[in-house]
Amino acid sequence: MGWLSTHGGDVWTLLLQHVWLAAVPLVIGLLVALPLGWAARRWRAAYPILVTTSGLLYTVPSLALFILMPLILGTRILDPINVVAAMTVYTVALLVRSVADGLGAVPEDVRAAATAMGYRGFRRLLAVDLPLAVPVLTAGLRVAAVSNVSIVSVASLIGVAQLGNLLTDGYNRAINGELITGIVACLLLALAFDWIIRGIGRALTPWTRA
Amino acid sequence: MIRFDDVTKEYPGGTVAVNGLSLTIPTGQITALVGPSGCGKTTSLRMINRMIEPTRGLISIDGKGVADLDAATLRRGIGYVIQHAGLFPHRTVLDNVATVPRLLGWDRAKSRAAAQDWMERVGLSADLADRYPSQLSGGQQQRVGVARALAADPPILLMDEPFSAVDPVVRQQLQSELLRLQAELHKTIVFVTHDIDEALLLGNQVAVLRVGGILAQVARPADLLAAPADDFVADFLGHDRGIRALSFVGMPRLPLHPELTLALGEVPPADAPDWMLVVEGGHPLGWVRTAGVQGAVDTSDLNRSGTVASLTASPREVLDAALSSPARRGVLVDDAGEFVGTVRASELATLLEAGQA
């Protein structure tokens, strides 16, 4: 605790940076995954292509992706946008399948009833299919959030500051207090993300507990 | 009036679901589409609201071809009920029922008021309004399905085996409630079922389809039973056609016989007949065998095997009342359920034989 008591301010700054780098890609990734997942469900042939391709993206090592981003986007090497973009790729990789499977979990008779009531395509998606996909979607988002919190820490290696700095610095200079603070902070942050997403998921699905 | 004009539905691969169907569905009546699985009855139903598009032929409603209408607009004007109700699991009962009014752009208050009204009319208590579908019994879900289909008061109602997934007792209730509702509403109802008895019970006219989507016969229930067009229809109608036909013929004027009755707690007189009817407050409770009664009659002496028919019942019910009675005298009651007299099977049979029905 000794180390933390003198570096509280720094840790707080890094924590906020970490939240930002993990949360923004989560939101953007979800917005990108929604149409892709919908398309994977809409066209039978698209499902294996979209789900497999997006899944493969997840296997690209994070360090490689962080380094590649400036080349692809034309950004500066130290720009945090590189990290946001790379994390968005990972989020999309995880969520396309969740969206597709979540939409696929909507019972066929419910879908047919909605059409027969006179819902048009897009409105049915918003009013019937998406709300019913929320449980599967929430499960996917929780995995993506925890994964993001973990992967973002690697960004220290390309000079983008966040909680990962405590790990690299603590390791290089053998400061146990800093190392442990970094690990515990990442863990608590992951738990907080998980807790918030679960809370939102529950608020959106009162019917699952009825 | 809904018209099918030489309508064919062929799927890629050559499967023909409906083959040259021509059928007129009269306004304000129930038309039952019945047949074995694979006869195209559901496909035919779904072509009316364009859930399925025909390959050839024309379907029109009051002279307007459905193919010319915007599908979603058309569907909002046609109620639709399916087998497992297909309720929206994420919406409360009231919001489920208010679906079509909301789609039609009615404001929230008006939609909810209409939904409440229809819930009441299909026999759903108001305290179910805030429940979710998963909290309801199968019968209640089906009622919500019917209320949802009726909420915007469409002139046409399509029902796709709506009662086949509920238990027989509930099914009977739902069937009689549908008939009660229809007597008030006079909707044009197309009712798909694989159960010929349900078709005969509910349909003003019954269309029998055979596998491959070919119309075998369309007729009123009594005519179907009296004159099946071919072996397929006769087989599909099944056994007991003579008895079942009695549901659809008029009741002949039958002599009503008075009956010596007993109340609970009374002692049968010395010269009592073999069987006496026990009546309490005007309502028949059952028969007692007078020889077996020790002193005053109590409920343990009652034989309840006899069914009771109302004065407006069909010959089938009256005949059943007579045959099921241990005294062989059928108990008839009035609209209030009060005993009015008994009938004899032999007298009814004589009249039926003489063709007075």
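Within every chain, numbering begins at 1; the chains are lettered A, B, ... in the order of the sequence lines, protein sequences first and strands thereafter.
- Remark: side-chain polar atoms of S156(A) are paired, donor with acceptor, to backbone N or O of N165(A) under 3.5 angstrom.
- Contact detail for R102(B) and R123(A): the closest heavy-atom pair is O-NH2, 4.0 Å.
- The six-membered or imidazole ring of F163(B) lies near that of F191(B), with a centre-to-centre distance under 6.0 Å.
- Contact count versus chain A (heavy atoms, under 4.5 Å) is highest, among P89(B), G79(B), S134(B), for P89(B).
- When heavy atoms are compared at a cutoff of 4.5 Å, L158(B) does not approach chain A at all.
- Taking chain A as the reference chain and counting heavy-atom pairs below 4.5 Å, the highest number among G145(B), P154(B), A149(B), G86(B) is found for G86(B).
- For R111(A), no part lies under 4.5 angstrom from a heavy atom of chain B.
- Of the atoms belonging to I82(B), it is side-chain heavy atoms, and not backbone ones, that fall under 4.5 Å from chain A.
- Per-residue heavy-atom pair counts under 4.5 Å with chain A were compared for Q83(B), R91(B), R46(B), H84(B), and the maximum is reached by R91(B).
- A cation-pi contact, defined as under 6.0 Å to the ring centre and within 45° of the axis, is absent between R148(B) and Y80(B).
- Atom CZ of R209(A) is surrounded by more than 12 heavy atoms from other residues, nucleotides or ligands within 6.0 Å.
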